[in-house]
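Indexing begins at 1, ligand by ligand and atom by atom, following the structure's order. Only a predicted model underlies this, so the values are computations on that prediction, with no experimental measurement involved.
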Amino acid sequence: MEKLLKKYPNLHVIEHPLVQHKLTFIRDKYTNKKDFKELVDEVGVFLACELTKDFPLTEVEVETPLMKAKSKILAGKKPVLVPILRAGVGMLDGFLKIMPSARIGHIGMARNEETFKPATYYFKLPVDSTERTIILIDPMLATGGSAVAAAGKLKSIGVKKIKFMCLISAPEGIEKMCSAHPDIDVYTASIDEKLDENAYIVPGLGDAGDRLCGTKPNPKIPPMGVNFFDE
Ligand code: PRP
Ligand code: URA
């Protein structure tokens, strides 16, 4: 990780103890769908705080119950949050908790399970997105194919400022994304060991989309706690 951080000034790893704590339960295969989503939202708040750290401010006057005072508010247009479907949508709520007025766009991308290459199936952004900062969101940066292609697509329509946030990344994905788009700041809560033969991140968390949507429940896993939505 140190090597990657040195090589790519656009890489940011969020090592806050609470993030690392929550990540452990996110990784746990016995964490049920409800808790998984809540934990992803909670980590999303930390990532969002870090990612917005350099957002510009402007001074305004405010009237407190005691007097007039100079204070600061965010300058410029609201950013556009762009989750990569499906799993990225599961990471949207954490960000919206601290910035509820952010705009929202969607990029639909699915990785071919044999070639691991991403294919775009949906693309819809607010009309003035090229004048705003785009925050691309996907919990998993594995080979990096999806994130690199999504960022390329955004640039091709004229977007100038992009940031990318994910929960877990593989060194391969970091290399690919940070070198293909050195102008894009990449925020991640973990750089894991490697990719396996199916291009899954190990140790990782499994399939983020399936765990967020409950599309592939594992019958071998005993239910932990009460979760009516798992039925
Ligand atoms: C997953 C994940 C990323 C992509 C990462 O999505 O959410 O979008 O794979 O892999 P990459 O870095 O190798 O491109 P998937 O294609 O499984 O779709 P889903 O979100 O609908 O489950
Ligand atoms: N997509 C996932 O959901 N998990 C991985 O480990 C890799 C890609």
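The nearest heavy-atom contact from the protein to atom 5 (C) of ligand 2 is Tyr200 CD2, 3.4 Å.
Remark: the Ser190 side chain and the Arg27 side chain contain an N/O donor-acceptor pair separated by less than 3.5 Å.
For ligand 2, one of its N or O atoms has an N or O atom of Ile201 under 3.5 Å away.
Near Ala208, the atoms of ligand 2 lying under 4.0 angstrom from a non-hydrogen atom of the residue are 2 (C), 3 (O). If you number the atoms of ligand 2 from 1 as listed, the ones under 4.0 Å from a heavy atom of Gly206 come out as 2 (C), 3 (O), 4 (N), 5 (C), 6 (O). Close approach of ligand 2 to Ala199 (heavy-atom distance below 4.0 Å) involves ligand atoms 7 (C).
Geometrically, Lys163 does not engage Tyr187 in a cation-pi contact, judged by NZ or CZ lying under 6.0 Å from the ring centre and within 45° of the ring axis. A cation-pi contact, defined as under 6.0 Å to the ring centre and within 45° of the axis, is absent between Arg211 and Tyr30.
The shortest separation from a heavy atom of Arg211 to ligand 2 is not under 4.0 Å, leaving the residue out of contact.
Atoms CZ and CG, on Phe164 and Leu47 in that order, are 10.5 Å from each other to the nearest 0.5 Å. If you take NZ on Lys70 and CD on Glu61, they are separated by 5.0 Å, rounding to the nearest 0.5 Å. The distance from the NZ atom of Lys160 to the OG atom of Ser129 is 12.0 Å, given to the nearest 0.5 Å. Between the CZ atom of Phe25 and the CG atom of Leu205 there is a distance of 15.0 Å, given to the nearest 0.5 Å. The structure places CD1 of Ile14 at 11.0 Å from CG of Leu167, a figure rounded to the nearest 0.5 Å.
In this structure a side-chain-to-backbone donor-acceptor pair under 3.5 Å is present from His181 to Val148.
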Expected rows: ligand 1 N/O, protein N/O, dist below 3.5 Å:
residue  : atom   : partner : partner atom : Å
ligand 1 : 7 (O)  : Asp138  : OD1          : 2.8
ligand 1 : 8 (O)  : Asp138  : OD2          : 2.4
ligand 1 : 12 (O) : Ala142  : N            : 2.9
ligand 1 : 12 (O) : Thr143  : N            : 3.1
ligand 1 : 12 (O) : Gly144  : N            : 2.8
ligand 1 : 13 (O) : Arg111  : NH1          : 2.8
ligand 1 : 13 (O) : Thr143  : N            : 2.9
ligand 1 : 13 (O) : Thr143  : OG1          : 2.5
ligand 1 : 14 (O) : Ser146  : N            : 2.9
ligand 1 : 14 (O) : Ser146  : OG           : 2.5
ligand 1 : 16 (O) : Arg111  : N            : 2.8
ligand 1 : 20 (O) : Arg86   : N            : 3.0
ligand 1 : 20 (O) : Ala87   : N            : 3.0
ligand 1 : 21 (O) : Arg86   : N            : 3.3
ligand 1 : 21 (O) : Arg86   : NE           : 2.9
ligand 1 : 22 (O) : Arg86   : NE           : 3.4
ligand 1 : 22 (O) : Arg86   : NH2          : 2.9

